[in-house]
J.: 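There's a structure below that I have some questions on.
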Amino acid sequence: MATLLKNHRRYHFDSDLEKALNRVDFFRIFHTMSLRYGFDHFGILQLGSEGDACTLSNRLALHDLPSGLAEEYDKRHRFGDSIVFKSLHASTIPSVWKAGDLHLGNGGNVLDQLGFEMLMCVPVVGTNGTRYTVLFLGDGEDIDRQAHFELCYDAICAFDYFYRLVLSNKAGLGLTPRETEILRWISHGKTASEIALIVSVSEHTVNSHTATILKKLDVVNRTQMVAKAIREQIIR
């Protein structure tokens, strides 16, 4: 398989992808990729079912959006109502969207709602058939045809590595019943001191369990922890 990948694939990040091991490595790769093609940010979105109560923050598997932006968006809007979300379910063709496009609609104009001028969507699929989309957002005027083709190919190749090495690796999700219980209370917005009272342990023990959960889920903060736990159906 390694020989096939090396001999038959051509992309700009070949050496980086061969060395990538974890989320931090792929964060750097996708971030660099977005800047290279004139975008400011990227996001890898798990598409899910069209009828799901879809929030943006819970669907992002990896991203470099400004801190809290996705969560603030979810307080005011429903991503599942956006024209972009609906189009991703209707077609697998890569697409470019501009904030001023009339067909984006008013209530469903996710670009205006997020505060960006341009969005590029590259539909991708995991080896188990799960659909994702690599998003690139920024304030550039447009992307030419050749750059569009190149970015699509680079994004597909990078996602392939990211999926196989990170997203499909379930070995780190083995939470204990107590860790799952604490995770569930965290998802309800409880603080460490409140959880300590609820489950009858010390606050130090709660913080210790939280640190272990972060490590097992391979995330860096509570928001990402809850989002991934919901995405992986560890909690509901």
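The shown structure was predicted, so the numbers you read here are calculated from the model rather than taken from an experiment.
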J.: Spell out, as yes or no, whether a donor-acceptor pair under 3.5 Å connects the side chain of Arg36 to the backbone of Leu151.
T.: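 Side chain of Arg36 to backbone of Leu151, a donor-acceptor pair under 3.5 Å: no, none is there.
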J.: Side-chain heavy atoms under 4.5 angstrom apart, residues restricted to Ile, Leu, Val, Met, Phe, Trp, Tyr: same cluster for Leu35 and Val122?
T.: no
J.: Heavy atoms only: give me the nearest Ser57-Glu71 pair and the separation to one decimal.
T.: CB-OE2, 3.7 Å
J.: Find out whether Leu56 and His77 are in side-chain contact, i.e. whether some heavy atom of one side chain is under 4.5 Å from a heavy atom of the other.
T.: no
J.: Just by distance, do the side chain of Lys228 and the backbone of Val219 share a donor-acceptor pair under 3.5 Å?
T.: no
J.: Look at the side-chain heavy atoms of Ile, Leu, Val, Met, Phe, Trp and Tyr, link any pair under 4.5 Å apart, and say whether Phe149 and Ile156 land in one connected group.
T.: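 No; Ile156 is not reachable from Phe149 via cluster members.
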J.: When clusters are formed by joining ILVMFWY residues with side-chain heavy atoms under 4.5 Å apart, either directly or through shared neighbours, do Leu183 and Trp185 land in the same one?
T.: yes
J.: Compare every heavy atom of His63 with every heavy atom of Gly43, then report the nearest pair and how far apart it is.
T.: CA-CB, 3.8 Å
J.: Is there a donor-acceptor pair under 3.5 Å between the side chain of Lys190 and the backbone N or O of Ala196?
T.: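 Not at all, since once roles are kept as given, no pair shorter than 3.5 Å links the two residues.
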J.: Is the distance from the ring center of Phe159 to that of Tyr132 below 6.0 Å?
T.: yes
J.: Looking at Val201, Thr180, Ile182, which hits side-chain contact (heavy atoms from CB on, under 4.5 Å) with His209?
T.: Ile182
J.: With side chains defined as the heavy atoms from C-beta onward, is the minimum distance between Asp74 and Asn58 less than 4.5 Å?
T.: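 No; the side chains remain at least 4.5 Å from each other.
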J.: Report the C-alpha distance between Ile44 and Phe26 in whole Å, list the side-chain angles of each, state the deciding distance to 0.1 Å, and finish with yes or no for side chain to side chain contact (heavy atoms under 4.5 Å, CB included).
T.: CA-CA 11 Å; Ile44 298 176; Phe26 285 102; over 6 Å; no
J.: Please walk me through it: do Leu65 and Leu60 pass side chain to side chain contact (heavy atoms under 4.5 Å, CB included)?
T.: CA-CA 10 Å; Leu65 294 174; Leu60 287 169; 3.9 Å; yes
J.: Between Phe42 and Leu62, which heavy-atom pair has the shortest distance, and what is it?
T.: CE1-O, 3.7 Å
J.: Please determine whether side chain to side chain contact (heavy atoms under 4.5 Å, CB included) holds for the pair Leu45 and Phe79, giving the CA-CA distance in whole Å, both sets of side-chain angles, and the decisive distance to 0.1 Å.
T.: CA-CA 11 Å; Leu45 181 80; Phe79 184 58; 3.5 Å; yes
J.: With a 3.5 Å distance limit and no angle check, can you tell me whether Asp64 reaches the backbone of Phe27 through a side-chain donor-acceptor pair?
T.: no
J.: In Å, rounded to the nearest 0.5 Å, how long is the span from CG of Leu114 to CG of Leu119?
T.: 8.5 Å
J.: Linking I/L/V/M/F/W/Y whenever their side-chain heavy atoms sit closer than 4.5 Å, directly or via other members, would Phe85 and Val125 fall into one cluster?
T.: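 Per the 4.5 Å side-chain linkage, Phe85 and Val125 are not co-clustered.
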J.: A cation-pi test, strictly: NZ or CZ of Arg28 under 6.0 Å from the centre of the six-membered ring of Phe30 and no more than 45 degrees from its axis. Yes or no?
T.: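 Output no; distance or angle outside limits.
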J.: Is there a side-chain contact between Trp97 and Ile83 in this structure, where contact means two heavy atoms from C-beta onward sitting under 4.5 Å apart?
T.: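 Contact flag for Trp97/Ile83 side chains = yes.
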J.: Might you point out which heavy atoms bring Ala192 and Glu203 nearest each other, and give the distance in Å?
T.: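 Residues Ala192 and Glu203, closest heavy atoms: CB-CG, 3.9 Å.
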J.: Minimum heavy-atom separation for Ala99 and Leu111, please, with both atom names.
T.: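 Taking every non-hydrogen atom into account, N-CD1, 3.5 Å.
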J.: Decide side chain to side chain contact (heavy atoms under 4.5 Å, CB included) for Thr210 and Met225; before the verdict, give the C-alpha distance in whole Å, the side-chain angles of both, and the deciding distance to 0.1 Å.
T.: CA-CA 9 Å; Thr210 302; Met225 175 200 301; 3.7 Å; yes
J.: Do Asp154 and Tyr37 have side chains that approach each other closer than 4.5 Å (heavy atoms only, starting at C-beta)?
T.: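 Counting from C-beta outward, Asp154 and Tyr37 do come under 4.5 Å.
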J.: I want to check something: taking the side chain as every heavy atom from C-beta on, are Glu18 and Tyr161 in contact at a cut-off of under 4.5 Å?
T.: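 They are in side-chain contact.
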J.: Within the 4.5 Å heavy-atom criterion, are Phe116 and His41 side-chain neighbours or not?
T.: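 In contact.
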J.: Can you tell me how far the OG1 atom of Thr130 sits from the OH atom of Tyr163, to the nearest 0.5 Å?
T.: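 One gets 5.0 Å once the value is rounded to the nearest 0.5 Å.
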J.: Yes or no on salt bridge (charged side-chain N to carboxylate O under 4.0 Å, His left out) for Lys75 and Glu72, after CA distance, side-chain angles and deciding distance?
T.: CA-CA 5 Å; Lys75 291 177 182 178; Glu72 285 301 314; 3.0 Å; yes
J.: Could you give the distance from CG (Asn22) to CG (Asp218), rounded to the nearest 0.5 Å?
T.: 6.5 Å
J.: Are Val96 and Val124 connected in a single hydrophobic cluster, I mean Ile/Leu/Val/Met/Phe/Trp/Tyr linked by side-chain heavy atoms less than 4.5 Å apart?
T.: yes
J.: Is a donor on one side and an acceptor on the other found under 3.5 Å between the side chain of Ser208 and the backbone of His204?
T.: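 No, Ser208 side chain to His204 backbone: no donor-acceptor pair under 3.5 Å.
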J.: Got a second to check how far Asp40's CG is from Met118's CE, nearest 0.5 Å?
T.: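 Those atoms lie 9.0 Å apart.
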J.: With a 4.5 Å limit on heavy-atom distance, are the side chains of His148 and Met120 in contact?
T.: yes
J.: Drop me the distance from Asp81's CG to Lys86's NZ, to the nearest 0.5 angstrom.
T.: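 It comes to 6.0 Å.
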J.: Grab the two heavy atoms, one from Cys121 and one from Leu88, that are nearest each other, plus how far apart they are.
T.: CB-CD2, 3.9 Å
J.: If you measure from NE2 on His89 to CZ on Arg131, what distance do you get to the nearest 0.5 Å?
T.: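 Here the rounded value is 6.5 Å.
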